[in-house]
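One structure below.
These figures come from a predicted structure and were not determined experimentally.
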Amino acid sequence: MTEKILQKKPYPLGAHIEDGGVRFSFVCKAAICGILLYDKATGKELQKIYFTQEDRIGNVYCKVVRNIDPERITYHFFEEDRLVADERARFFPVKAVYGKERTMESLRAGFPPEAFDWGQDRFPRCSYQEMIGYCLHVRGFTKHSSAQVKHRGTFAGIVEKIPYLKEIGVTTIELQPAYEFTEIPTEEERKQSLPTSTSPGDAGAFLKQKLNYWGYKKGYYYVPKAAYAASGDPVTEFKELVKALHENQLELVMQFYFPDSVRRSEISDILRFWVIEYHVDGFHLMGEKLSVDLLASDDVLADTKLWYYQFDTGYLYGKSEFPKYPHVAEYNDSWYYCMRGFLKGDGNLLANVLYHMRHIPEKAGFIHYMTNYYGFTLADLVSYDHKHNEANGEDNRDGNDHNCSWNCGEEGPTRRQKVRQLRNKQIKNAMCMILLSQSTPLIFMGDEFGNSQKGNNNPYCQDNAVAWLDWSGMTKNVGVFKFWKMLVNFRKNHPILRPEREMRLMDYIACGYPDLSYHGQYAWRPQLEGNFRHIGIMLCGKYARVAHIQEDDFLYLAMNMHWEGRNLALPKLPKGMKWEKVFSTDETEREKNAAEDMDLEYLRRVQPRSITVYISVMAGCADGGERSETARKGNDKSKTEGVLHEQDVESLKDNSIS
């Protein structure tokens, strides 16, 4: 084997096949550094190649090594007497076992298969108003035995669940870190996480048991996580996942966590690589002081979804430009905390709730969620007042103490039927808030059927049944599951619920009704004072027609998060139309309201802690409400696809959340 030095070409960093050889580029400040080549089959060291000062440009050393077969070698870099795994590696040939410490031998880099048939792959490019997001952990999503997949806890396992993802109506999958990272912490990382109260005798056991299940740390950003692959080829398996999702018109957005130690100048290279090489649809960027406005203005990423805490859209687009396909979206907890507080009945929130339910940033999207990978799941949000993270080994001091949760009368699992029924209703209330708000909804895996993490609001180190999704909840909580699917179909069939821009509180087309209006005990007179927790929200169906998306019905959302029933007035509709109830989160509301509805045509009694939805129909028909022209276009379809009306509510009764 011989080497030949060619012209210096430092970028891209790492190792790349070209010119009949391999170009190696390595960032290093040490005086002595180079490349170690190994035989891929035997692991035997083949050659040690030193970088020279002639190979250096700034802090980058680059050299082309010829007359080697990339398919038969692996490599390390070295500096002084220390081996260094290539941070820009595209492939680690040694198959990794999850939960086993990665040795330097297992981090010898190689070269991935060059050929992959993408066929007619196309980016779905789902708009933010059409999108419903679903955040999941690759391993936790299908690792539980109840998942009933062949390849549990892997990229291939997600492919097996694509029919389910389509069934629950999501359009966009957000993956927690799925690039390569070492889940077994280093000795230094372990010592830093050691609780101060840990005795010397317990320290050893603690250091052994800690696991970075989530993966929010610096990683090998150019390769999918090998332990998440059912095969020995994570590169091909990840591409097959993306291709399968795209064939089903589903998007894939990846979380990337960049600590301060990552060069900000390299982040754009990483994102471009995943778009070009793996066809991913977007990125949720995580880390402080990221140059997100520069990333958002990158021409290669112009159609790629980018999510961060906030963006300066004035800088990105200027004052007069409105992008045809807004690709950036704010992703922060402002909606999360406000709506959680309202759900449990906190006061002085109503004005903020109305703002968050209609708010869409100018020239950008907004991702809203009631739960996420951190904090309580939706079922735990209504089952626990306090976090229960004892299993994490940190004396329950880790995780957020400010959960805005309420246990509905008893902490944790209970046999009390009234508590179970109230929790059931609160979950449905939360689902309504998520899917009836006008920005872009997202849920965490399993919330659609009430999955619990046993009160753990920070299972970052729990690679077990605490953090794995228990799929048996689909049958245990069938009513909640059906309610979620009904709401998804209702949202999809009513474009008025997903406008492109924030709706205005005014009648700007002089049709007699504002796009959006609020109501209290008297129509057009909302009660927003601190002690009120109920509101009527009316959406004018003519907005959809003017916005050129589809003519729609009038919708009225009656929300009451008070512990007592409240009256709400429904505005008068145009001549020949009347209000008809579509569904309610309170299963007893039909019986309680029947007499009052006959006496007071436009006044409704909204039961405690409940949400009821009304829709406009043509009056005077034998069936109690023939659909209007607009309703016939959308709502008859809703009926057949899962939108339930009052007479169907009984079918939602089930074994309540425990």
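- From Cys338, atom SG reaches atom CG of Leu349 across 5.0 Å, with rounding to the nearest 0.5 Å.
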Please determine whether salt bridge (Lys or Arg N to Asp or Glu O under 4.0 Å) holds for the pair Glu362 and Arg501, giving the CA-CA distance in whole Å, both sets of side-chain angles, and the decisive distance to 0.1 Å. CA-CA 7 Å; Glu362 189 176 36; Arg501 299 179 184 176; over 6 Å; no
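- Between His534 and Phe532, a ring centre-to-centre spacing shorter than 6.0 Å is recorded.
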Where do Asn457 and Asn403 land on the side-chain hydrogen bond (donor to acceptor under 3.5 Å, both in side chains) test, with the steps shown first? CA-CA 9 Å; Asn457 75 350; Asn403 291 290; 3.0 Å; yes
Audit row: Glu277, Arg272, salt bridge (Lys or Arg N to Asp or Glu O under 4.0 Å) steps and yes/no: CA-CA 8 Å; Glu277 183 69 20; Arg272 291 192 207 107; over 6 Å; no
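- Distance alone, capped at 3.5 Å, is enough to place a donor-acceptor pair between the Arg498 side chain and the Lys492 backbone.
- Taking 4.5 Å as the limit, some side-chain heavy atom of Leu252 sits within range of a side-chain heavy atom of Leu241.
- For Tyr309 and Tyr331, the distance between ring centers is not under 6.0 angstrom.
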Could you check Lys218 against Glu87 for salt bridge (Lys or Arg N to Asp or Glu O under 4.0 Å), going step by step and ending with a plain yes or no? CA-CA 10 Å; Lys218 185 177 180 180; Glu87 293 183 357; 3.4 Å; yes
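- Side-chain contact check for Asn332 and Tyr308: no donor-acceptor pair (N or O, by modelled atom type) lies under 3.5 Å.
- Residue Lys305 is tested with Glu174, His327, Glu251 for a side-chain hydrogen bond (donor to acceptor under 3.5 Å, both in side chains); the sole match is Glu251.
- Aromatic pair Trp274/Phe238: ring centres closer than 6.0 Å.
- Taking the six-membered ring for Trp and the full ring otherwise, the centers of Phe490 and His494 sit less than 6.0 Å from each other.
- A ring-ring contact (aromatic ring centres under 6.0 Å, His included) with His402 is found for exactly one of Phe376, Tyr337, Tyr336, namely Tyr337.
- With ring centers used as reference points, Tyr216 lies under 6.0 Å from Tyr373.
- Arg491 contributes a side-chain N or O that, together with a main-chain N or O of Ser437, makes up a donor-acceptor pair within less than 3.5 Å.
- Here the straight-line distance linking atom CG of Leu557 with atom CG of Leu539 works out to 5.5 Å at 0.5 Å rounding.
- At most 12 non-hydrogen atoms from other residues, nucleotides or ligands lie less than 6.0 angstrom from CD of Gln310.
- Aromatic rings from Phe256 and Phe258 are positioned such that their centres are separated by under 6.0 Å.
- Residues Arg90 and Val235 fail the side-chain proximity criterion, which asks for heavy atoms closer than 4.5 Å.
- Defined by atom type and a distance below 3.5 Å, a donor-acceptor pair is present between the side-chain atoms of Glu448 and Tyr164.
- With Tyr278 as the aromatic partner, Lys239 meets the cation-pi criteria of under 6.0 angstrom to the ring centre and within 45 degrees of the ring axis.
- For the pair Met503/Arg358, no side-chain contact is recorded, criterion being any heavy-atom separation below 4.5 Å from C-beta on.
- Taking both residues in full, the closest heavy atoms of Tyr556 and Pro571 are given as CE1-CD, 3.6 Å, listed atom of the first, atom of the second, then distance.
- A cation-pi arrangement is present between Lys428 and Phe483, with the terminal nitrogen or guanidinium carbon under 6.0 Å from the aromatic centre and inside a 45° cone about the axis.
- The 12-atom threshold is exceeded at CZ of Phe322, counting heavy atoms of other residues, nucleotides or ligands nearer than 6.0 Å.
- Between Tyr513 and Phe554, the ring center distance clears the sub-6.0 Å criterion.
- Contact record, Gly446 with Leu469: CA-CD1, 3.4 Å, taken as the closest heavy-atom pair.
- Side chains of Ile434 and Leu442 form no contact here, defined as non-hydrogen atoms less than 4.5 Å apart.
- Side chains of Asp447 and Thr371: a donor on one and an acceptor on the other come within 3.5 Å.
- Here the OG-CD1 distance, from Ser291 to Ile267, works out to 7.0 Å after rounding to the nearest 0.5 Å.
- Side-chain contact of Lys9 with Ser25: a donor-acceptor pair under 3.5 Å is absent, judged by distance alone.
- A side-chain donor-acceptor contact under 3.5 Å links Glu180 to the backbone of Ala226.
- Taking every heavy atom of both residues into account, Asp303 and Arg125 meet most closely at CB-NE, 3.1 Å.
- Glu237 approaches Ala229 most closely through the heavy-atom pair OE2-CA, 3.4 Å.
- In this structure, Arg23 contributes its side chain and Glu18 its backbone to no donor-acceptor pair below 3.5 Å.
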Using the salt bridge (Lys or Arg N to Asp or Glu O under 4.0 Å) rule, take Lys363 and Glu321 through it: C-alpha gap first, then chi angles, then the decisive distance, then the call. CA-CA 9 Å; Lys363 307 177 186 180; Glu321 179 186 354; over 6 Å; no
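- With sequence neighbours excluded, no residue satisfies salt bridge (Lys or Arg N to Asp or Glu O under 4.0 Å) with Asp299.
- A distance of 6.0 Å separates CG in Leu381 from CG in Leu343, rounded to the nearest 0.5 Å.
- No hydrogens or angles considered: nothing links the side chains of Asn212 and Lys217 as a donor-acceptor pair under 3.5 Å.
- Under a 3.5 Å cut-off, the side chain of Trp484 and the backbone N or O of Ile168 do form a donor-acceptor pair.
- Between His519 and Trp524, the angle of the ring planes goes over 60°, which puts this pair in the perpendicular group of the 30/60° scheme.
- A side-chain donor-acceptor contact under 3.5 Å links Asp312 to the backbone of Tyr315.
- Between the side chain of Lys161 and the main chain of Phe141, no donor-acceptor pair closer than 3.5 Å is present.
- The shortest non-hydrogen separation linking Ile611 to Cys432 is CD1-CB, 3.7 Å.
- For an aromatic pair to be called close, the ring centres must be under 6.0 Å apart, and Phe123 with His246 satisfies this.
- Looking at Tyr460, its side chain never comes within 3.5 Å of a backbone N or O of Gly215 through a donor-acceptor pair.
- Checked by atom type and distance alone, the side chain of Tyr614 never pairs as donor or acceptor with a backbone atom of Met538 at under 3.5 Å.
- Side-chain polar atoms of Asn429 and Thr585 form a donor-acceptor pair below 3.5 angstrom.
- A cation-pi arrangement, defined by a distance under 6.0 Å to the six-membered ring centre and an angle within 45 degrees of its axis, is absent between Arg88 and Phe26.
- Between Ile443 and Leu378 there is no side-chain heavy-atom pair separated by less than 4.5 Å.
- Side-chain contact between Leu136 and Gln176: absent, with no pair of heavy atoms (C-beta onward) separated by less than 4.5 Å.
- Although no hydrogens or angles enter the test, the distance criterion places no donor-acceptor pair under 3.5 Å between the side chain of Gln438 and the main chain of Leu497.
- At a threshold of 4.5 Å between non-hydrogen side-chain atoms, the residues Leu528 and Tyr518 do not count as touching.
- When ring centroids are compared, His137 and Tyr213 come within the 6.0 Å threshold.
- In this structure, Leu301 and Leu295 approach most closely via the heavy-atom pair CD1-O, 3.7 Å.
- Residues Thr172 and Ile132 are not in side-chain contact: their nearest non-hydrogen atoms beyond the backbone lie 4.5 Å or more apart.
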